[in-house]
Number of protein chains: 2
Amino acid sequence: MEKTIIELEQAAQTLKLLGDKTRLTILGLVKDSECCVCEFVEVLQMSQPSISQHLRKLRDAGLVKEQRRGQWIFYSLNREHATYPIIQQVLEQIPDQKEKLKALEEAGLRIQCDS
Amino acid sequence: MEKTIIELEQAAQTLKLLGDKTRLTILGLVKDSECCVCEFVEVLQMSQPSISQHLRKLRDAGLVKEQRRGQWIFYSLNREHATYPIIQQVLEQIPDQKEKLKALEEAGLRIQCDS
DNA sequence: TCATGATATAAGTATATGCTTATATATACA
DNA sequence: TGTATATATAAGCATATACTTATATCATGA
């Protein structure tokens with residue numbers, strides 16, 4: 001893998017966004033698969049506006065991408081972002097969030113969408 | 001290298017501290033060698049109290065260690081910290097701060113202390 | 001066209017953050 | 001003992017942050 005050097009200022013901006021439990025969990029979730037807002041609300045047990053505001057910060061910074069499918073808006077990790085290598089490394093060193101999505105699925109709360 | 005999983009909450013706390021240009025630079029500097037406060041002040045061109053306050057945050061979190069030698073207090077990276085793997089990875093992906101120390105040295109502003 | 005569900009946005013608020021200036025503390029050295 | 005240097009701490013202040021509640025937007029389906 002080629003080593004890319006990320007500008008300090010840009011790295012700091014991304015790290016600031018990662019430096020919040022809620023956003024770090026959100027990124028841990030979208031690392032494994034796309035998620036929609038109501039799933040974050042369910043997993044994180046937080047209000048919908050609060051989640052939306054965190055997502056907006058992540059999206060404004062370009063760390064996540066959004067895609068509407070019907071009534072849902074799905075968020076995914078933007079692996080093209082300049083600071084993605086940092087995010088990737090960080091996510092590798094924290095507990096996997098996959099089980100939380102699995103628990104959602106088992107509770108029948110996972111959103112599946114073909115459109 | 002063994003892979004250690006860092007608790008999400010603790011990771012977020014460290015990332016928050018890294019998410020500031022000044023502190024990220026400070027950590028980049030102590031990655032290479034011990035530095036004292038006046039060196040940070042010189043390199044970063046910021047007020048001494050401001051630097052001291054950033055150092056206090058880093059020290060309170062345990063990310064750096066301090067050691068007094070005579071009239072100077074030297075700061076160094078605490079490589080035993082639980083979140084050190086994250087810090088290490090991040091520092092590997094941003095520009096090296098070594099030249100800044102070298103410039104200090106050439107300007108005769110580097111503090112050398114044997115005590 | 002209307003009601004519902006998913007999401008975004010706005011406004012308000014309490015707290016956190018990062019600087020400033022002023023001052024205290026601690027060491028060195030004459 | 002007195003002065004200079006290095007550093008820490010305190011207090012004040014402007015701005016940022018992360019919620020809350022209320023409301024707007026947009027797609028779906030009857």
Side-chain angles (χ1 to χ4, degrees), chain A residues 9 12-27 29-30 34-61 63-76 104 108-115, chain B residues 9 12-27 29-30 34-61 63-76 104 108-115:
Chain A
E9 193 143 0
Q13 195 219 350
T14 287
L15 291 164
K16 187 180 217 167
L17 287 168
L18 298 186
D20 174 276
K21 218 178 124 183
T22 302
R23 287 190 296 264
L24 192 52
T25 307
I26 287 175
L27 291 171
L29 288 165
V30 293
E34 294 189 314
C35 296
C36 69
V37 182
C38 57
E39 292 174 319
F40 296 126
V41 170
E42 187 62 33
V43 168
L44 290 159
Q45 291 287 298
M46 289 176 65
S47 76
Q48 175 266 316
S50 189
I51 294 290
S52 271
Q53 284 155 14
H54 282 295
L55 286 168
R56 179 148 69 128
K57 290 196 175 194
L58 293 172
R59 189 203 54 197
D60 284 353
L63 303 193
V64 300
K65 294 182 288 189
E66 68 175 27
Q67 190 191 6
R68 180 179 280 276
R69 291 213 208 101
Q71 57 189 143
W72 297 288
I73 298 178
F74 285 80
Y75 286 85
S76 59
L104 256 198
L109 294 169
R110 198 75 213 281
I111 304 296
Q112 301 291 358
C113 183
D114 315 308
S115 57
Chain B
E9 193 143 1
Q13 196 219 350
T14 287
L15 291 164
K16 186 181 218 166
L17 288 168
L18 297 187
D20 174 275
K21 219 178 124 182
T22 303
R23 286 190 298 263
L24 192 53
T25 306
I26 287 175
L27 291 171
L29 288 165
V30 293
E34 294 189 314
C35 296
C36 68
V37 182
C38 57
E39 292 175 321
F40 296 126
V41 169
E42 188 62 33
V43 169
L44 290 158
Q45 290 287 298
M46 290 177 64
S47 76
Q48 175 266 314
S50 189
I51 294 290
S52 272
Q53 284 156 15
H54 282 296
L55 286 168
R56 180 148 69 129
K57 289 195 177 194
L58 292 172
R59 190 203 54 197
D60 284 353
L63 302 192
V64 300
K65 294 183 289 189
E66 69 175 27
Q67 189 191 6
R68 180 179 279 275
R69 291 211 209 102
Q71 55 189 147
W72 297 288
I73 298 179
F74 285 79
Y75 285 86
S76 59
L104 256 198
L109 293 170
R110 198 76 213 280
I111 303 296
Q112 301 292 356
C113 183
D114 315 309
S115 57

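Treat the numbers as computed from the prediction; the structure is a model and nothing was measured. Letters A, B, ... mirror the listed sequences (proteins, then strands); counts begin at 1.
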Please determine, for the side chain of B:E66, which listed nucleotide (C:dT7, D:dA8, C:dG18) has the closest atom?
D:dA8

Close side-chain approach of A:C36 to A:R110, heavy-atom, < 4.5 Å:
no

So, does A:R56 get its side chain near the phosphate of C:dT9, meaning an N or O under 4.0 Å from OP1 or OP2?
yes

Whichever of A:R68 and A:K16 has the more 5' nearest nucleotide on DNA chain D, that residue is A:K16

Measuring from the side chain of A:W72 (C-beta onward, heavy atoms only), which nucleotide among C:dA6, D:dC19, D:dT7 has the closest atom?
C:dA6

Do the non-hydrogen side-chain atoms of B:K65 and B:Q67 ever get within less than 4.5 Å of each other?
no

Whole-Å distance, B:E42 CD to D:dT5 P, equals 15 Å

Go through D:dA18, D:dC19, C:dC19 for me and flag the one nearest to the A:M46 side chain.
D:dC19

Side chain of B:Q53 only, heavy atoms from C-beta on: which candidate in C:dT9, D:dT7, D:dA10 is closest?
D:dA10

By nearest-nucleotide position on DNA chain C, the 5'-leaning member of A:R59 and A:Q71 is A:Q71

Using a 4.5 Å cut-off on heavy atoms from C-beta on, say whether the side chain of B:Y75 contacts that of B:L29.
no

Presence of A:H54 side-chain N/O under 4.0 Å of D:dC19 phosphate oxygens OP1/OP2
yes

Sugar-phosphate, base or nothing in reach of B:F40, heavy atoms under 4.0 Å:
nothing

May I ask you to verify if any side-chain N or O of B:R23 is less than 4.0 angstrom from the OP1 or OP2 atom of C:dG18?
yes

What nucleotide among D:dA18, D:dA22, C:dG18 has an atom nearest to a side-chain atom of A:P49?
D:dA22

Rounded to whole Å, how long is the line connecting atom CD1 of A:I73 with atom P of C:dT9?
9 Å

Considering only heavy atoms and no angle criterion, is a donor-acceptor pair shorter than 3.5 Å present between the side chain of B:Q48 and the base of D:dA8?
yes

Between A:Y75 and C:dA8, does any side-chain N or O lie under 4.0 Å from OP1 or OP2?
yes

Ignoring backbone atoms, test whether B:S50 places a side-chain nitrogen or oxygen under 4.0 Å from the OP1 or OP2 oxygen of C:dC19.
yes

Across the strands shown, which category fits B:K21 at heavy-atom distances under 4.0 angstrom: base, sugar-phosphate, nothing?
nothing

Are A:S52 and C:dA6 close enough that a side-chain N or O sits under 4.0 Å from OP1 or OP2?
no

State, to 0.1 Å, how close A:L17 and A:A61 come at their nearest heavy-atom pair, and which atoms those are.
CD1-CB, 3.3 Å

